[in-house]
Amino acid sequence: MTSYQVLARRWRPQTFEDLVGQEVVVRTLHNALASRQIAHAYLFSGLRGVGKTTVARLLAKALNCDKGPTPEPCGECVPCQEIALGSSLDVLEMDAASNRGIDDVRELREVARVLPVRDRYRVFIVDEAHQLTKDAFGALLKILEEPPAHVVFILASTEKDKFPATILSRCLQVDFRPIPVELVVARLTRIAEKESFELTPGAAQLVARATEGSLRDALSLLDRVRAFAEGAVDENAVAEVVGLPPFETVLALWRALEGGDVAAALRVVRTEEQAGREPAALYEQVVQLLHALLLLANDPEVPVPFPASHRGTLRASATKLGSPLLVRLLALALEGKGLVASAERPGVAVAVAVGRLTLWPRLQRVEALLGGEPAPRTSSPTPGETPATETGSGPASAGERLVAALESSGAHLLAGRVGSVREVSIVGDTLVLHCSGLPAAAKKSLREAVEQLAAAAREAGLPGEVRLDEDGPAVGKQEQGLRARVEADEGVRRVLEVFGGRLESVEEKP
Ligand SMILES: [Zn+2]
């Protein structure tokens with residue numbers, strides 16, 4: 001029985017060529033080594049798991065290889081092999097997170113003074129170097145001010161801005177970037193092939209995205225999913241291990257959003273919460289889905305982190321909605337992300353964000369109206385409105401007909417002037433643009449636009465009216481009293497506040 005070696009270790013790059021996604025780093029170091037310009041201190045900064053320590057060891061090899069200093073260490077000589085195993089006496093790794101005191105640095109200074117045991121350089125790799133104490137930094141600075149010829153420090157850190165300027169200025173600074181998702185996916189796929197296990201393309205995407213550019217994290221996640229799945233590693237196995245909702249749930253929520261069905265959307269969120277999963281994770285998947293749809297709208301072959309079996313459905317949604325709308329939706333979804341992240345109760349915030357997204361068909365029509373573009377049709381009616389301007393059954397009210405007509409005629413008159421309109425509503429036969437609270441100049445400009453528009457509508461023989469509402473809704477006395485009561489209601493106030501809505505009309509039930 002052989003012991004299992006984790007993938008990240010097993011597949012740690014042993015040459016600069018094997019490194020994934022760090023071309024700038026590799027070229028910088030390659031050139032320096034080729035021209036024998038060896039610095040006494042390097043600062044490797046960047047996110048966790050992007051290859052800093054790996055490159056530090058490669059650099060140590062490059063410096064101490066029997067054939068070195070060379071950009072292409074042989075990997076076979078004794079120094080190369082010992083460094084790969086972490087057993088070289090001349091390459092010392094320390095972790096500032098656990099050895100952060102002044103004593104370690106004094107010790108370091110003693111060791112630095114001693115000549116290398118066997119190799120060309122004494123290389124000190126200090127991981128998490130930003131965690132050194134102020135005194136330790138002081139001691140390090142002393143060494144760097146007059147570095148012994150045979151000493152090389154490689155400081156690795158996720159937080160470059162925590163270094164004193166005096167240290168920074170004495171280091172060759174090498175910035176590591178997050179590894180692009182596609183490169184992580186390619187690496188995972190290749191490793192799965194070599195290790196002979198099945199990894200679906202969607203699962204590879206999910207793993208890469210969940211670990212945000214950290215190859216080490218991606219590989220250890222893959223280890224965990226593999227242990228869990230006991231067979232093919234697919235989307236649902238990844239979702240289960242990461243705590244993501246199953247794809248079916250994401251899809252159900254998307255269907256509700258697409259159809260403008262707020263109740264169904266909120267039901268999905270609640271069920272997810274009841275299942276003990278983070279609603280925020282579901283929301284994140286919706287954002288990912290929208291992103292995927294946007295990509296698919298522009299390139300049907302683009303890889304996306306969702307099961308291949310649903311590709312056709314997603315592609316159809318993407319084509320139906322089109323890029324401009326998907327961009328809007330994604331922007332809206334990202335706004336919601338901020339809301340969810342800062343919320344004390346993410347469940348409520350997710351419900352709000354999802355609710356807003358679900359109301360998008362209405363936004364979409366208003367946008368189209370205001371922008372003078374024809375509104376794309378959706379298959380389902382907007383909640384809270386009659387499906388009058390949708391295809392099929394004829395318009396129900398003159399106001400609705402006006403909206404429909406304006407979509408193809410006079411709306412361009414308003415374009416560019418009405419970005420600040422708060423909301424558009426239809427009251428009976430009248431299309432109302434709400435603009436209370438706008439600066440006087442903006443109101444004036446709008447008033448002119450509305451007059452033009454109304455004239456154009458009359459001329460074209462369109463039914464209904466266009467009206468500017470500058471001070472809030474005009475209501476009758478009886479309704480006013482009722483409205484005041486409703487407005488005073490705490491529950492109503494909360495709902496309006498949370499959803500960013502306004503009270504449209506108030507009616508007493510007979
Ligand atoms: Zn060698």
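Heads up: numbering here begins at 1 and tracks the sequence. Heavy-atom basis, side chains included; hydrogens, waters and symmetry copies ignored.
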If every non-hydrogen atom of [X] is compared with every non-hydrogen atom of [Y], which pair is closest and at what distance?
X: Val207; Y: Ala218; value: CG1-O, 3.5 Å
X: Ala96; Y: Gln131; value: O-CB, 4.0 Å
X: Pro305; Y: Leu206; value: O-CG, 3.7 Å
X: Ile179; Y: Gly21; value: CG2-CA, 4.3 Å
X: Ala256; Y: Thr358; value: O-CG2, 3.7 Å
X: Arg187; Y: Asp18; value: NH1-O, 4.3 Å

Taking atom [atom1] of [X] and atom [atom2] of [Y], what is their separation to the nearest 0.5 Å?
X: Leu219; Y: Arg12; atom1: CG; atom2: CZ; result: 11.0 Å
X: His130; Y: Lys162; atom1: NE2; atom2: NZ; result: 5.5 Å
X: Arg10; Y: Ile191; atom1: CZ; atom2: CD1; result: 10.0 Å
X: Phe44; Y: Leu155; atom1: CZ; atom2: CG; result: 9.5 Å
X: Leu251; Y: Thr313; atom1: CG; atom2: OG1; result: 6.5 Å
X: Asp175; Y: Gln173; atom1: CG; atom2: CD; result: 7.0 Å

Going by atom types only, do [X] and [Y] share a side-chain donor-acceptor pair under 3.5 Å?
X: Arg270; Y: Gln274; result: no
X: Ser323; Y: Asn298; result: yes
X: Thr200; Y: Asp234; result: no

Do [X] and [Y] touch side chain to side chain, with heavy atoms closer than 4.5 Å?
X: Val26; Y: Val24; result: no
X: Val286; Y: Leu357; result: yes
X: Val250; Y: Val268; result: no
X: Leu339; Y: Glu335; result: no
X: Leu314; Y: Leu293; result: yes
X: Glu128; Y: Arg48; result: no
X: Glu212; Y: Asp217; result: no

Is the backbone N or O of [Y] less than 3.5 Å from a side-chain atom of [X], with the two atoms forming a donor-acceptor pair by type?
X: Asp223; Y: Leu7; answer: yes
X: Lys52; Y: Phe176; answer: no
X: Gln22; Y: Arg177; answer: yes
X: Ser214; Y: Thr211; answer: no
X: Arg311; Y: Glu301; answer: yes
X: Thr249; Y: Pro245; answer: no
X: Tyr283; Y: Glu278; answer: no

Salt bridge between Arg255 and Asp261, side-chain N to carboxylate O under 4.0 Å?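 Salt bridge between Arg255 and Asp261, a charged N being under 4.0 Å from a carboxylate O: no.
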Residues Leu290, Leu326; criterion side chain to side chain contact (heavy atoms under 4.5 Å, CB included); working and verdict: CA-CA 7 Å; Leu290 280 168; Leu326 285 166; 4.2 Å; yes
In this structure, which one of Glu284, Gln285, His291 forms a side chain to side chain donor-acceptor pair (under 3.5 Å) with Gln288?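 Exactly one pass, corresponding to Glu284.
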Check step by step if side-chain hydrogen bond (donor to acceptor under 3.5 Å, both in side chains) holds for Ser317 and Glu258. CA-CA 9 Å; Ser317 274; Glu258 202 179 19; 2.8 Å; yes
Determine, step by step, whether Leu222 and Leu199 satisfy the side chain to side chain contact (heavy atoms under 4.5 Å, CB included) criterion, reporting the C-alpha distance in whole Å, the side-chain angles of both residues, the deciding distance to 0.1 Å, and the verdict. CA-CA 9 Å; Leu222 188 54; Leu199 172 69; 3.9 Å; yes
As a quick check of understanding, evaluate side chain to side chain contact (heavy atoms under 4.5 Å, CB included) for Leu282 and Val350, giving each step before the final call. CA-CA 9 Å; Leu282 174 61; Val350 168; 5.6 Å; no
Heavy-atom count around Glu240 CD within 6.0 Å, excluding the residue itself: above 12?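 At most 12 heavy atoms, drawn from other residues, nucleotides or ligands, come within 6.0 Å of this atom.
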Residue Arg277 excluded, over 12 heavy atoms near CZ under 6.0 Å: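 Yes - once you tally the heavy atoms of other residues, nucleotides and ligands closer than 6.0 Å, there are more than 12.
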Sequence neighbours excluded, which residues qualify as side chain to side chain contact (heavy atoms under 4.5 Å, CB included) partners of Pro307?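 Applying side chain to side chain contact (heavy atoms under 4.5 Å, CB included) to Pro307 gives Glu235, Phe247, Ser309, His310.
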Check step by step if side chain to side chain contact (heavy atoms under 4.5 Å, CB included) holds for Leu19 and Val55. CA-CA 8 Å; Leu19 266 176; Val55 173; 3.3 Å; yes
